[in-house]
Amino acid sequence: MTLLDDLERYYDTVPRTGGARAEGFGPLTLFVQEGTGWPYYARPALGDGTAPGPAPEVSVADVIRVRARQRELGVPEAFEWVAENTPSLRAAAEGAGLHVHAHPLMVLDPDAVRTPPHPEVRMLGADDPLLRAAVTVPMLAFAAPGTARGAAGPAELAAAAADPASGTRRAHVARRIGSGQTGLAAAVRDGVVLCSGQYNPVGTTVEVAGVGTLPAARRQGLAEGVTAALVADALAAGARTVFLSAGDEDVARMYGRIGFRRVGTALIAEPPEEGTA
C-alpha cells in the first residue's frame with residue numbers, strides 16, 4: 001500500500017468516526033454529519049473501507065446526483081479528494097458546474113530536524129478557558145486568506161467568540177480533545193489567542209488542519225510554532241505519518257521549512273462564488 005493509499009483511507013475514515021453517516025452514490029460517497037460538529041464532504045468511494053482499490057471513474061452525472069442530495073439535505077455542496085488517486089473527478093466536477101481549487105498535499109519527513117518549541121505556543125486541554133477563542137481564530141483567518149497582515153485583531157476576535165456558534169464549536173472540540181480524537185495548540189500573548197490549529201489522528205496517521213493566524217498578527221512565525229507543537233505532540237502520542245494540505249504555494253513553503261515535503265495535490269470542489277461563474 002502506498003503513502004497516498006494510506007491518506008485515502010484516512011480521508012474515508014475520519015467522517016465515519018466523527019459522527020457522520022455514509023450514503024453511497026456509485027463511485028462517490030457522501031458523508032452527512034448526524035450530530036454537532038463540522039459538515040463533511042463527498043469523496044470517491046473506498047469499496048469496503050479497508051483498502052483502496054482501482055480509482056473509480058466518476059462522471060458528470062454522478063456529481064450532479066450528489067449535489068442534488070446535498071441541496072436536499074441543506075449541507076455544503078463540497079467534494080474533496082486526492083488528485084493522483086481519482087483523476088477523473090476533476091473533469092466531472094467542473095463539468096457539473098463546480099469550481100475546483102488545488103492545495104499542496106504534504107507529509108512530514110521523518111528525518112527532518114524538529115523545530116524548537118515556540119515560547120508563546122502551548123497545547124490546550126478540554127477545560128482550558130482559552131479554548132473558545134482558539135476555535136474562533138481560524139474562522140477569522142480563513143475569512144481573509146493569504147499570508148499578508150490584515151485588519152482583524154483582538155477586538156474582532158472577542159466579538160466573534162461571543163457568537164453562540166463559537167460556543168457550539170468549543171463544546172464539540174472539547175469533547176474531541178477529551179476523547180483523544182483531537183489535539184489543539186495555540187499561540188497566546190498577553191492572554192489573547194493569536195494563532196491556533198489542530199491535529200486529528202486515525203490510528204498512527206495524523207492530519208494537521210485548521211492552522212490559522214489572526215490577520216493582524218501574521219508574519220511573526222506563529223503558524224510555524226503552532227504547527228511544530230502539533231507535530232511534536234502527535235509524534236509523542238505515537239503518530240507515524242503526519243500530513244496536511246497547504247492553503248497555497250506560499251503557505252507550502254512555510255511548511256517546507258519545518259520538515260514537510262509535497263507528495264501530491266488535494267482538490268476541493270465547491271460552487272463558484274456569485275459573480276465568478
Legend entry - Hydrophobic cluster identity match, Ile177 and Val193, side-chain contacts under 4.5 Å: yes
Legend entry - Nearest heavy-atom neighbours spanning Glu77 and Pro271: O-CD, 3.2 Å
Legend entry - Leu89 backbone acceptor or donor facing Thr86 side chain under 3.5 Å: no
Legend entry - Option passing side-chain contact (heavy atoms from CB on, under 4.5 Å) with Arg9 (candidates Asp12, Asp5, Thr13, Leu7): Thr13
Legend entry - Any Thr115 side-chain heavy atom under 4.5 Å of Glu224 side chain: no
Inset, instruction - Please check if the side chain of Gln181 supplies one atom and the backbone of Val202 the other of a donor-acceptor pair under 3.5 Å. - result: no
Legend entry - Main-chain N/O of Ala217 paired to Gln220 side chain as donor or acceptor, under 3.5 Å: yes
Inset, instruction - With the side chain counted from C-beta on, respond yes when Arg262 and Leu105 share a heavy-atom pair under 4.5 Å apart, and no when they do not. - result: no
Inset, instruction - Classify the angle between the aromatic ring planes of His103 and His101 as parallel (below 30°), tilted (30 to 60°) or perpendicular (above 60°). - result: perpendicular
Legend entry - N/O donor-acceptor pair under 3.5 Å between Glu84 side chain and Thr265 backbone: yes
Legend entry - Nearest non-hydrogen partners of Val63 and Ala96, listed with the distance: CG1-CB, 3.6 Å
Legend entry - Minimum side-chain heavy-atom gap Glu270-Phe79 below 4.5 Å: no
Inset, instruction - State, yes or no, whether a side-chain contact exists between Thr213 and Val137 at a heavy-atom distance under 4.5 Å. - result: no
Legend entry - Side-chain touch Leu194/Val188, heavy atoms, less than 4.5 angstrom: no
Inset, instruction - Using atom types as modelled and distance alone, determine if a side-chain donor or acceptor of Ser196 lies under 3.5 Å from a backbone N or O of Ala134. - result: yes
Legend entry - Check: Gln70 side chain, Ala78 main-chain N or O, donor-acceptor pair, under 3.5 Å: yes
Legend entry - Verdict with supporting geometry, Ser59 and Asp62, side-chain hydrogen bond (donor to acceptor under 3.5 Å, both in side chains): CA-CA 5 Å; Ser59 70; Asp62 294 322; 3.0 Å; yes
Inset, instruction - Answer yes or no: is there a donor N or O on one side and an acceptor on the other, between the side chain of Asn200 and the main chain of Ala209, under 3.5 Å? - result: no
Legend entry - For Phe260 against Val242, the heavy-atom pair lying closest together: CE2-O, 3.7 Å
Legend entry - Phe31/Tyr11 under ring-ring contact (aromatic ring centres under 6.0 Å, His included): CA gap, chis, key distance, verdict: CA-CA 11 Å; Phe31 292 104; Tyr11 284 128; over 10 Å; no
Inset, instruction - Please report the closest heavy-atom contact between Leu131 and Gly125, naming both atoms and the distance. - result: CD2-O, 4.1 Å
Legend entry - Note, Glu23 side chain near Thr29 side chain (heavy atom, < 4.5 Å): no
Inset, instruction - Establish whether Leu108 and Val251 are linked, either directly or via other cluster members, by ILVMFWY side-chain heavy-atom contacts under 4.5 Å. - result: yes
Legend entry - Student check: side-chain heavy atoms of Gln198 and Val173 closer than 4.5 Å: yes
Inset, instruction - Would you sort out whether Arg122 and Asp128 count as a salt bridge (charged side-chain N to carboxylate O under 4.0 Å, His left out), showing the intermediate values? - result: CA-CA 11 Å; Arg122 62 181 175 86; Asp128 196 295; 2.6 Å; yes
Legend entry - Donor-acceptor contact below 3.5 Å, side chain Thr136 vs main chain Arg132: yes
Inset, instruction - Taking Glu156 for its side chain and Gly153 for its backbone only, find out whether a donor-acceptor pair lies under 3.5 Å. - result: yes
Legend entry - More than 12 heavy atoms of other groups within 6.0 Å of Arg240 CZ: no
Legend entry - Under 3.5 Å donor-acceptor, Arg21 side chain and Arg16 backbone: no
Inset, instruction - Identify the two heavy atoms, one from Tyr10 and one from Pro201, that lie closest to each other, and give their separation to 0.1 Å. - result: CE1-C, 4.4 Å
Inset, instruction - Given side chain to side chain contact (heavy atoms under 4.5 Å, CB included), test Val75 with Gln33 step by step and report yes or no. - result: CA-CA 9 Å; Val75 300; Gln33 178 63 263; over 6 Å; no
Legend entry - Thr205 and Thr241: CA distance, side-chain angles, deciding distance, side-chain hydrogen bond (donor to acceptor under 3.5 Å, both in side chains) verdict: CA-CA 5 Å; Thr205 301; Thr241 301; 4.5 Å; no
Inset, instruction - Please name the residue in the list Arg176, Arg170, Arg169 that meets the side-chain contact (heavy atoms from CB on, under 4.5 Å) test with His172. - result: Arg176
Inset, instruction - Flag the pair Val263 / Leu3 as yes when at least one side-chain heavy-atom distance between them is below 4.5 Å, and no otherwise. - result: yes
Inset, instruction - Looking only at non-hydrogen atoms, find the nearest pair between Tyr255 and Val211 and report the distance. - result: OH-CB, 3.7 Å
